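Each remark here refers to the structure printed beneath this line.
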Amino acid sequence: MGLIKLIINECIKAFKKRSIIIFFTLSVVSFFLAYGIVFIEKNSNSKYTYVDNSIESMQFEINMLKGEFKTATEEKQIILNLKIKTYEYAIKNNIQIRSVNGGYRATLIVQLLAEEEVLNSIDKNTSKDEYTNQIEKIDKIQKILDDNNFDEYIAYNKEKIEKDYNDKLITQEEYNTKIEEQDLSLKYEIDKYPVDSDGISWKKVLLYDSLKIDKTIENGYDYDKKEYLTSDGIRKLQEQKMINTYRLDNKVPSNNVINSDGNYNAYYRWSYDSFAIPLSMFFIALLFIVLATSSISEETSKGTVKFLLITPFKRYKILLAKLTSYILILIIITLVLSQVNVLLGNMLFSNTSNDYLYVNNNKVEVMHTDIYETLQYILKLPEILIYILLGITLSTLTRNTAISNTFTVMAYIGVPTAIYIIQQFVKLDFLKYLPFDNFDLRSKVLPFDTYTSTLAINNSYNNTTLQFSLIVLGITAFLLLVTMFESFNKKDII
Amino acid sequence: MSNIILELKNVTKKYGKKIIIDNLSLSVESGQVYGFLGPNGAGKTTTIKMIVGLISIDKGNIRINGLDVTKKHENAMKNIGAIVENPDLYDYLSGMENILLYARIHSIKKDRINEVIELVDLKLRINDKVKKYSLGMKQRLGLAVALLHNPKLLILDEPTNGLDPAGIKKLRDTLKELAHKENIAVFVSSHMLSEMQLMCDKVAIIDGGKIIKVDDLSNTENGNNQYIFEVSDIDNSLRILEDKCICNITNNTLIIQYDDKISNIIKELINNDIEILGFSKKEDTLEEEFLKITGGIK
């Protein structure tokens, strides 16, 4: 009961401090800063738009071909006519052959032009059969185009693969892979539509990623990370494949591509989050470092600690109340901030999904965007908590706000950077036992990324598990707590 | 019905090899204003800090209302209200907010808060930030906080610092009233003797961590009942007066402490044919003692 009264007092004292208002404002401002960055990105748009000049260039080709027409032989004129017809067909049906992803019909147009070029090289008189075959081929492609039938296109592709296999141009293994690819393309309608009407490229990316995962697991070696797979690594890859499959099955695109409803909001929200969350929590961390490092030392230097200690409480309770009140305030502020962030995200990006997919009991589960974003905030708490403990410990030991503040801020900003730089040159295994290397709980609890299809494990030097990190952080917290209480209980207030 | 509220027994405090408080013993009764007098650096604040548990005790023990301050810290502290060194309260809070912090700890009702604010005369400025207070106002706010929970023992460290003469008089009256009417034990430290004499019932002089002298001022109306006699026959007069009063011989003079009319003693001497060569009232011994100490520092 007495402890609760002390905690209330400490909360009141903390909330009345000006620093809490300043830093909270800064972290709210950081939302707008993050949105500003996204806004600039949104309006420059250089990354995602390109000028499609397919029609223009096809028109140009037609003019070129028409120019050739006058001087060409009769046979050549037939070919030229075919080509002109093909281009005109493409223009008429608005098939953009120059575009990154013009859909399967664009592919067919390109193939058609190639086959027509082949026809040009065949002597009509000497190799009559070959010529007829080629004409048939061209007609077939033209028919698929006319029918506008995706199934026919896949069947045609398979036929070609079969023929290659029969002609011993490809091995059995290659044949299997290619047929599987075609089956999956049919299933997920890959390339069925041009890119700007449906997010087709993301399907392709996911599909090839899944195929690559199969290959990696088969090899037991990850060429990207240059390391052999552990059982844990294999499990993660399998889960990633499951997520990819889920995305394809349920048409849930990852955020790095255009969304299925044709806007970039999912990507912008992801981009906004990756600025807003770390930046706002950076200011919150600074706030609590300021509060914690001045906790005991400021009361000692200003003399207020004397009134505080002449109250009917054991000393440890007074420190415990301080610590508890900071943790309470930290949790409250973090929750408020995370909800402000969710609200802003929903407002600024019109409720676009940034859902997180993960695997639980061999089943892909969906975590709602709001919860996913909130969780990202919550996972930052243990790190800040350790810095609060470090701050109070230094404040108790040194009784000097300046010293404890400088050291804690240095530890917060400097040490992780220093370790990162060191790790670029030498691999020091023991560093993983330091708390600094175990703060990134997000990559362990939320290992998958909503942005790319591949695993989000980017801290290449730390492959420890979540349990390991929690144990290291737990031991650090315990040692700091013991030091702080020991020092506060024993020391005279001179 | 005076009982001992604060008791120090053989208290010793060392920093390294340096002895700060040396075997100090004293006791303060309820209803008493106890002066703790000593020059700067004598160990007054250190003693007070040990009493309120801010610093540890190396040897001996301190009891408040019978409770050991180290072993039963929580209960002992319930009986104490104190201002140690300066009245340092949270300057970014208002006076009221400061009081409310301590009121919450002690579960004090609103009536008592108003009563205390009234007592220290801070009603008009209570909602101002402490930052804007003068030193005197801070002293009064500190006193309010210390008195809030009706402590049995009130400890004030140099309380008149920063007060104007009117403020000092008000404080003096308040403390006397608290002690004599509400039966609180008041323990006041100071380096100013004149102040102590006006305020205290009992004074202990401390120097170098030791109690030099304890003087009871309450029994003597004007604080001094010693007389110096120069007589023709010292030994004889000593024999005559021995039963009637306290007599001492120093430097061939007779020093007599007598609380009734001094003419009785003079009559007694004359009746016994002893010639009085000189007679004077002894000057304030406390001040003499104190000046000796403070002079010694210089």
Side-chain angles (χ1 to χ4, degrees), chain A residues 1-23 287 290-291 294-322 324-325 396 399 401 485-494, chain B residues 13 15 20 45-46 48-58 64 67 69-94 97-108 129-131 138 141-142 145-146 148-149 151 153 155 157:
Chain A
M1 198 55 207
L3 188 63
I4 293 169
K5 286 177 186 168
L6 277 177
I7 292 169
I8 296 171
N9 276 358
E10 290 301 331
C11 286
I12 291 172
K13 272 150 62 180
F15 271 118
K16 289 275 176 180
K17 283 197 173 169
R18 202 167 292 159
S19 49
I20 208 161
I21 299 159
I22 294 170
F23 281 103
L287 163 65
V290 167
L291 278 184
S294 63
S295 59
I296 300 301
S297 47
E298 197 185 87
E299 295 232 22
T300 312
S301 65
K302 288 201 170 176
T304 46
V305 76
K306 287 174 295 192
F307 270 105
L308 193 59
L309 289 178
I310 309 170
T311 47
F313 296 105
K314 291 225 169 68
R315 269 200 198 182
Y316 81 88
K317 274 193 182 169
I318 285 158
L319 190 58
L320 190 62
K322 266 194 191 299
T324 318
S325 69
T396 317
R399 300 277 159 86
T401 309
F485 278 99
E486 225 10 56
S487 149
F488 189 65
N489 270 338
K490 294 264 169 73
K491 253 192 181 174
D492 289 347
I493 311 288
I494 300 165
Chain B
K13 177 75 188 173
Y15 285 128
I20 305 294
T45 299
T46 309
I48 288 176
K49 280 183 172 176
M50 282 196 286
I51 294 170
V52 296
L54 285 175
I55 59 180
S56 60
I57 303 160
D58 288 339
I64 292 160
L67 299 158
V69 288
T70 37
K71 285 173 195 149
K72 296 197 169 155
H73 180 78
E74 284 171 87
N75 286 327
M77 287 306 125
K78 281 183 186 159
N79 297 308
I80 291 190
I83 304 176
V84 182
E85 285 172 318
N86 305 308
D88 301 308
L89 286 146
Y90 301 100
D91 57 6
Y92 56 92
L93 302 178
S94 72
E97 283 168 333
N98 268 298
I99 288 180
L100 285 175
L101 288 182
Y102 297 95
R104 186 172 296 108
I105 288 173
H106 294 287
S107 313
I108 305 294
K129 286 249 161 73
V130 173
K131 221 175 276 178
K138 283 182 188 171
L141 181 65
V145 169
L148 207 55
H149 56 293
L153 172 64
I155 297 176
D157 195 2

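All values derive from a computational prediction rather than experimental measurement. Residue numbers start from 1 in every chain, and the chains themselves are labelled A, B, ... in the order their sequence lines are given, proteins ahead of strands.
Under the side chain to side chain donor-acceptor pair (under 3.5 Å) rule, Tyr90(B) has a single partner from Lys16(A), Lys17(A), Glu299(A), Lys302(A), which is Glu299(A).
Between chain A and the options Glu97(B), Glu74(B), Lys78(B), heavy-atom pairs under 4.5 Å are most frequent for Glu74(B). Counting heavy-atom pairs under 4.5 Å between each of Leu89(B), Thr46(B), Asn98(B), Leu100(B) and chain A puts Leu89(B) at the top.
Between Pro312(A) and His106(B), the shortest heavy-atom distance links the atoms CD-CE1, 3.4 Å. Closest heavy-atom contact between Ile105(B) and Phe313(A): CG2-CE1, 3.2 Å. When all heavy atoms are compared, the tightest approach of Lys306(A) to Val84(B) is NZ-O, 3.4 Å.
The contact between Leu308(A) and chain B is made by backbone and side chain atoms together, counting heavy-atom distances below 4.5 Å. Using a 4.5 Å cut-off between heavy atoms, Lys491(A) touches chain B through its backbone atoms (N, CA, C, O) alone. Residue contact with chain B, scored on non-hydrogen atoms closer than 4.5 Å, involves the backbone and the side chain of Leu309(A) alike. Using a 4.5 Å cut-off between heavy atoms, Leu93(B) touches chain A through its side chain atoms alone. Proximity to chain A is limited to the side chain of Lys13(B), based on heavy atoms less than 4.5 angstrom apart. Only the side chain of Asp91(B) comes within contact range of chain A, judged by heavy atoms closer than 4.5 Å.
Arg104(B) contributes atom CZ, which lies 12.5 Å from atom CD1 of Ile4(A) (distance to the nearest 0.5 angstrom).
Annotation for Lys5(A): atom NZ counts as buried by contact number, over 12 foreign heavy atoms lying within 6.0 Å.
In this structure, the side chains of Phe307(A) and Leu101(B) stay at 4.5 Å or more apart for every pair of heavy atoms. Residues Ser56(B) and Lys490(A) have side chains not in contact (no heavy-atom distance under 4.5 Å, counting atoms from C-beta outward). With contacts defined as side-chain heavy-atom distances shorter than 4.5 Å, the pair Met77(B)/Thr311(A) does not qualify.
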